[in-house]
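Everything below concerns the one structure shown next.
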Amino acid sequence: MARSYLPLKALRAFEASARHLSFTRAADELCVTQAAVSHQVKLLEAQLKVPLFKRLPRGLMLTQEGERLLPVLKSSFDQITHTLDRVGESSYRDVLNVGVVGTFAVGWLLPRLDDFQQQYPFVDLRLSTHNNRADIAAEGLDFAIRYGTGAWHGIAAQPLMPVSLSVMCIPTIAARLETPVDLLGETWLRSYRADEWAEWLAAAGLPNSYPMTKSIVFDSSIAMVEAALQGAGVALAPTSMFTRQLSSGALVQPFDATVRLGGYWLTRLQTRPETRAMASFRAWLLKASNA
């Protein structure tokens, strides 16, 4: 089948500029001048008859058309690069790009990766961590593992495991906590979801209308629990992701109450066809998470 003319230089200039949101940084990456990059992007915009960037005083912003084009080009260039890297090698490995919420990556996935690699040596697994905010299309991900209820627009989601949240703190703080009411005198370490502490208080038998004590908000449970380990306060975090800290006694659960507000999910774009590597990882992950 005959292909339309592909302006590869212009497409490469646009893709680099879109990733950096800067013609200057794109020029540094491509080892050309800033003017050359800008010229190539203008040629592409002229051919497509649409603007791909909004030129701002301090950088660039993608237009809607640019946002549609970027993930396709990024994925295509990544695949070309990967294939060229593998040409001539004795074995070909399938690339799998997975974005993982950091808490799940450190608390569950990393200790089990060797098992996956032993079972599926043909998969070239590439992990990136996020704080539960993953743009699968823009980041060129095959899968994203995230926390929530499983309701994401345009996303196919499979449940991996439910999550129970419980109060954790160092033993010296726990020693002064006789009842849940005593928590009102402590610093609460919490996520951006303010309702989690209210739900936990209700599970502990207290009115969830208690005024919030002083608190510190984190965008990562890993950072939150690290703060708890350093004595900064009491954390409300998923116990199953911090079994090592609890088993060692570095952290303790002063109360038995737990609350379940969501779980971990394996997600992908509904329009993304499943590759051999994707099918292998999904099957392994679902089996291991339900073991």
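Computed from heavy atoms alone, side chains included, the values below leave out hydrogens, waters and symmetry copies.
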Distance (rounded to the nearest 0.5 Å) between Arg25 CZ and Glu29 CD | 11.0 Å
Taking C-beta and beyond as the side chain, do Lys74 and Asp78 meet within less than 4.5 Å on heavy atoms?
-> yes
Beyond-backbone contact of Ile216 with Trp188, side-chain heavy atoms, under 4.5 angstrom = no
side-chain contact (heavy atoms from CB on, under 4.5 Å) between Asp94 and Ser280, worked out | CA-CA 11 Å; Asp94 293 343; Ser280 299; over 6 Å; no
Exercise: identify the closest heavy-atom pair between Val225 and Ala237 = CG2-CB, 3.8 Å
Considering non-hydrogen atoms only, spot the tightest contact between Tyr147 and Gly262 and give its length.
-> OH-N, 3.5 Å
Does a salt bridge link Asp114 with Arg112, judged by any charged N lying under 4.0 Å from a carboxylate O?
-> no
How long is the span from the CD1 atom in Ile145 to the OG1 atom in Thr103, to the nearest 0.5 Å?
-> 12.0 Å
Can you check whether Gln245's main-chain N or O pairs, donor with acceptor, with Ser248's side chain at less than 3.5 Å?
-> yes
Would you say the side chain of Tyr264 lies within less than 4.5 Å of the side chain of Pro159, judging by non-hydrogen atoms?
-> no
So, Trp265 side chain and Ala144 main chain: donor-acceptor pair closer than 3.5 Å or not?
-> no
Cationic N near anionic O, under 4.0 Å, Asp142 to Arg272 | yes
How far apart are the closest heavy atoms of Thr187 and Ala232, and which atoms are they?
-> CB-O, 3.6 Å
Hey, is Arg19 close enough to Glu139 for a salt bridge, meaning N to O under 4.0 Å?
-> no
Using a 4.5 Å cut-off on heavy atoms from C-beta on, say whether the side chain of Asp135 contacts that of His130.
-> no
Minimum heavy-atom separation for Ala13 to Leu30, with atom names?
-> CA-CD1, 4.0 Å
Side chains of Leu266 and Arg282: closer than 4.5 Å at any heavy-atom pair?
-> yes
Tyr192 and Phe218: aromatic ring centres closer than 6.0 Å?
-> no
Verify same cluster id: Leu48, Val37 (apolar side-chain graph, 4.5 Å) | yes
Donor-acceptor contact below 3.5 Å, side chain Arg126 vs main chain Leu96 = no
Side-chain contact, heavy-atom cut-off 4.5 Å: Leu44 with Leu11?
-> yes
Please check if any side-chain donor atom of Gln34 sits under 3.5 Å from a side-chain acceptor atom of Thr24, or the reverse.
-> no
Going from CG on Leu165 to CE on Met168, what distance comes out if it is rounded to the nearest 0.5 angstrom?
-> 8.5 Å
Is there a path of hydrophobic side-chain contacts, each under 4.5 Å between heavy atoms of I, L, V, M, F, W or Y residues, that connects Leu177 with Trp197?
-> yes
Taking C-beta and beyond as the side chain, do Leu56 and Leu60 meet within less than 4.5 Å on heavy atoms?
-> no
Answer yes when Glu186 and Lys214 have at least one side-chain N-carboxylate O distance shorter than 4.0 Å, and no when they do not.
-> no
What are the two closest non-hydrogen atoms of Pro111 and Ala105, and how far apart are they?
-> CD-O, 4.4 Å
Are Leu43 and Val41 grouped together when hydrophobic residues (ILVMFWY) are joined by side-chain heavy atoms under 4.5 angstrom apart?
-> no
Hey, is Arg55 close enough to Glu45 for a salt bridge, meaning N to O under 4.0 Å?
-> yes
Take Glu274 and Phe143 through the side-chain contact (heavy atoms from CB on, under 4.5 Å) test and state the conclusion after the steps.
-> CA-CA 10 Å; Glu274 191 171 68; Phe143 286 122; 4.3 Å; yes
Do the side-chain N and O atoms of Ser75 and Gln79 include a donor-acceptor pair separated by under 3.5 angstrom?
-> yes
Under 6.0 Å between the ring centres of Phe281 and Phe116?
-> yes
Distance-only donor-acceptor check, side chains Ser191 and Glu196, under 3.5 Å = yes
Val259 with Leu206, same ILVMFWY side-chain cluster at under 4.5 Å | yes
Trp200 side-chain N/O to Ala257 backbone N/O, donor-acceptor pair under 3.5 Å | yes
Considering all heavy atoms of both residues, which atom of Ser215 and which atom of Arg190 are nearest to each other, and what is their separation?
-> OG-NE, 3.5 Å
Is the shortest heavy-atom distance from the side chain of Ser17 to the side chain of Ser22 under 4.5 Å?
-> no
Assess whether atom NE2 of His20 is packed by more than 12 heavy atoms of other residues, nucleotides or ligands within 6.0 Å.
-> yes
Without swapping roles, check the side chain of Asn290 against the backbone of Lys287 for a donor-acceptor pair under 3.5 Å.
-> no
Roughly how far, to the nearest 0.5 Å, is the CD atom of Gln158 from the OG1 atom of Thr267?
-> 10.5 Å
Give a yes or no on whether Leu236 and Leu246 share a hydrophobic cluster (residues Ile, Leu, Val, Met, Phe, Trp, Tyr; joining criterion: side-chain heavy atoms under 4.5 Å apart).
-> yes
Could you check whether the rings of Phe23 and Phe53 sit parallel, tilted or perpendicular, using 30° and 60° as the cut-offs?
-> perpendicular
Is a side-chain N or O of Thr63 found less than 3.5 angstrom from the main chain of Gly66, in a donor-acceptor match?
-> yes
Looking at Arg68 and Glu65, does any basic side-chain N land under 4.0 Å from a carboxylate oxygen?
-> no
Tell me, please, whether Phe77 has Arg12 positioned over its six-membered ring: NZ or CZ under 6.0 Å from the ring centre and within 45 degrees of its axis?
-> yes
Decide yes or no on side-chain contact (heavy atoms from CB on, under 4.5 Å) for Val234 and Leu189, but give the supporting numbers first.
-> CA-CA 6 Å; Val234 291; Leu189 311 178; 5.9 Å; no
Distance (rounded to the nearest 0.5 Å) between Thr129 OG1 and Ile222 CD1 = 7.5 Å
With rounding to the nearest 0.5 Å, note down the distance linking CG in Leu70 to CG in Leu52.
-> 10.5 Å
Verdict with reasoning, Leu160 to Phe104, per side-chain contact (heavy atoms from CB on, under 4.5 Å) | CA-CA 11 Å; Leu160 295 177; Phe104 187 87; 4.2 Å; yes
